[in-house]
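What follows is a short report on a single structure.
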Amino acid sequence: MTVYAVSLVLVAAAVGVLRWRRPAWYWLTFGVTLAVLRVLVRYRSVMDACGLTVPPARWRLALARATNRPIPEPRSPCILRMRPTRTGLVMRIKLRPGQDAFDITAASDRLRHSFSMYGVTSREVRSGVVELRMTGYDVLKRVRMPAETDPRPMRVPVALRQDGSVHYRDYRAIPHALTLGATESGKSVYQRHLVAGLAPMDVALVGIDCKQGVELYPLARRFSALADDADTAAEVLDALVSRMESIYQLIRSQQRITSDVPDAEIAADIWDLPDDLRPVPVVVLVDEVAELALYASKDEEKRRDRIITALVRLAQLGRAAGIYLEICGQRFGSELGKGITMLRAQLTGRTAHRVNDETSANMAFGDIAPDAVLAAIQIPAEMRGLAIAGDSSGGWHRIRAPRTSLRQAVNICNRYADRTPVLPELAAFRPVLYASAAAPVSLAKASSVTA
């Protein structure tokens, strides 16, 4: 008996340590079985306590009275299926007549406590069917992307959502995006991971980094063009506008709008063109947009208007030409001058890391998802990389990109350097790569200088 008790204590201690140090392993070994049993045992009582039941049908009540039987109990939504995943459970339920998917969404927090899960989110699959995604542990505390994802052309897995699913950056669905975040919020890591995901694809990368290139120049082998100051940025953007106009001329010449061509084959963007004629798509990454919008003199103001005008034109017209924008910054409000709000209106995707004030969160989500504003300002400072991602549909998710060091991103870009396309319009802005680094410059004060 003593041996049995000692073994039981050791197993319980091992399970506790596993749950503390390796929650994913604990979930796959013990947690998923306990969670399934807990949900099945508590399901009826939890649905009744959360107000997610409906009275029995009238014919059942009449039948019970006629046969002198007990009154039937209220009916809960029917479980269609339950599927365990590496992070939790996915359960589909069929609503009863009179129920609404919003009722399930409003009760998600109560379901989380009742089923002893870490998080519960819901979405409507089709009319009358709701999918509950329940996570068994904090998947964003230590992000581990699944081994198998579903990348497609111009679709990059960039982060993990709070419900355990993968968050994709799909340029064909959401052409342009805005990423906000305060200093040390994890914005650069998110951008770095995005570049690493784009590196293996057939796409041209154009970078604008007005911090003298310290963020993007280490990844230069995979960039077709780089600008490290506002003057060069203005020239790069003008060249992109010229490229966009030439691509539209190509589409016009290949539209195939004669009467003997089916409508489905008529070309309206580069993806409708034959593979041998399709121009390579371009992703433009702007590291700090405020540096392009600020000015201190009349000449700088003219340059600023030229830059913002080019960005607005690319945001409005660039999708069909295969030119996509990734705008990053700490703030993105009307204080940056005219044209900024017009540019923001064209940026469908929004991602906000930790911000310093509510106004910055409103800049990202105030016009598309007001509920996400409160979530954005509640991100703790110690959770670097945690962000709120939303789009113009009003939906939003908590996401976190995996930790990607600069060395890892550089290695990936160097590995796929042969995929870097040469764009004639941007050939003059191709980054120059040196065989050896220049001699380091000492930044220490010259203590040997005497009066």
Side-chain angles (χ1 to χ4, degrees), residues 19 23 26-28 30-64 69-141 160-165 365 369-376 378-379 388-390 393-399:
R19 184 175 185 179
Y26 165 80
W27 174 256
L28 293 174
F30 301 99
V32 63
T33 304
L34 297 176
V36 169
L37 294 175
R38 193 164 52 239
V39 170
L40 294 177
V41 170
R42 299 180 183 177
Y43 182 75
R44 280 185 175 276
S45 60
V46 167
M47 290 295 164
D48 190 19
C50 294
L52 299 177
T53 58
V54 297
R58 291 184 179 181
W59 67 269
R60 297 185 64 187
L61 292 174
L63 183 61
R69 292 182 178 179
I71 301 299
E73 296 180 354
R75 295 179 298 169
S76 305
C78 179
I79 298 179
L80 297 180
R81 71 178 185 184
M82 185 184 301
R83 176 173 58 89
T85 66
R86 57 185 290 274
T87 58
L89 297 175
V90 178
M91 182 171 65
R92 287 194 177 184
I93 58 177
K94 183 169 181 56
L95 302 180
R96 298 293 185 179
Q99 291 184 322
D100 186 76
F102 179 76
D103 299 334
I104 307 296
T105 303
S108 59
D109 200 49
R110 286 177 286 173
L111 295 176
R112 175 175 69 91
H113 289 291
S114 301
F115 292 139
S116 300
M117 304 295 286
Y118 184 82
V120 174
T121 59
S122 66
R123 70 180 183 93
E124 185 176 0
V125 179
R126 59 180 182 272
S127 179
V129 178
V130 174
E131 182 180 85
L132 293 175
R133 297 189 68 94
M134 298 180 280
T135 51
Y137 58 96
D138 187 2
V139 298
L140 300 184
K141 185 177 181 180
L160 200 64
R161 291 181 177 175
Q162 191 177 21
D163 61 3
S165 60
F365 301 114
D371 294 342
V373 175
L374 182 61
Q378 291 179 341
I379 297 176
I388 307 297
S393 66
W396 58 275
H397 306 273
R398 284 186 178 87
I399 65 170

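Owing to the predicted nature of the structure, the values given are computational and were not obtained by experimental measurement.
- Leu132 contributes atom CG, which lies 4.5 Å from atom CD1 of Ile93 (distance to the nearest 0.5 angstrom).
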**Prompt:** After noting the C-alpha distance and the side-chain angles of Gln99 and Val130, does the key distance pass the side chain to side chain contact (heavy atoms under 4.5 Å, CB included) rule?
**Reply:** CA-CA 11 Å; Gln99 291 184 322; Val130 174; over 6 Å; no
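- Across Trp27 and Thr85, no two heavy atoms sit closer than the pair NE1-O, 3.1 Å.
- Checked against side chain to side chain donor-acceptor pair (under 3.5 Å), Asp109 has the following partners two or more places apart in sequence or in another chain: Arg112.
- A donor-acceptor contact closer than 3.5 angstrom is absent between the side chains of Thr135 and Thr87.
- A 4.5 Å side-chain heavy-atom check between Asp103 and Leu95 finds every atom pair outside the cut-off.
- Nearest heavy-atom pair across Ala107 and Cys50 is CB-CB, 4.4 Å.
- Taking the side chain as every heavy atom from C-beta outward, Gln162 and Thr121 never approach each other to under 4.5 Å.
- Side-chain N or O atoms of Arg133 include none that pairs as donor or acceptor with a backbone N or O of Gly164 at under 3.5 Å.
- Using bins of under 30°, 30° to 60° and over 60° for the plane-to-plane angle, the ring pair Phe115/Tyr43 lands in the parallel bin.
- Contact record, Ala372 with Phe365: CB-CG, 3.7 Å, taken as the closest heavy-atom pair.
- Gly136 and Tyr118 get closest at one heavy-atom pair: C-CB, 3.9 Å.
- A heavy-atom distance below 4.5 Å is not found between the side chains of Leu89 and Met91.
- Within a 6.0 Å radius of CZ in Arg44, no more than 12 heavy atoms belonging to other residues, nucleotides or ligands are found.
- Between Ser165 and His397, every side-chain heavy-atom pair lies at or beyond the 4.5 Å cut-off.
- Within the model, atoms CG of Leu52 and CZ of Arg75 stand 14.5 Å from one another, a figure rounded to the nearest 0.5 Å.
- Judged purely by atom type and a 3.5 angstrom limit, Ser114 uses its side chain to pair as donor or acceptor with the backbone of Arg110.
- Contact of the Ile388 side chain with the Arg398 side chain is registered, since non-hydrogen atoms from C-beta on lie closer than 4.5 Å.
- Distance check: Leu111 CG to Arg42 CZ gives 12.0 Å after rounding to the nearest 0.5 Å.
- Atoms NZ and CZ, from Lys94 and Arg81 in turn, are 14.0 Å apart once rounded to the nearest 0.5 Å.
- Closest of all the heavy-atom pairs between Leu160 and Leu140 is O-CD2, 3.2 Å.
- Pairing each heavy atom of Ser76 with each of Met47, the nearest pair is OG-CB, 3.7 Å.
- Once rounded to the nearest 0.5 Å, the distance linking SG of Cys78 with CZ of Arg92 reads 14.0 Å.
- We find the CD-OG1 distance between Glu124 and Thr105 to be 9.0 Å, quoted to the nearest 0.5 Å.
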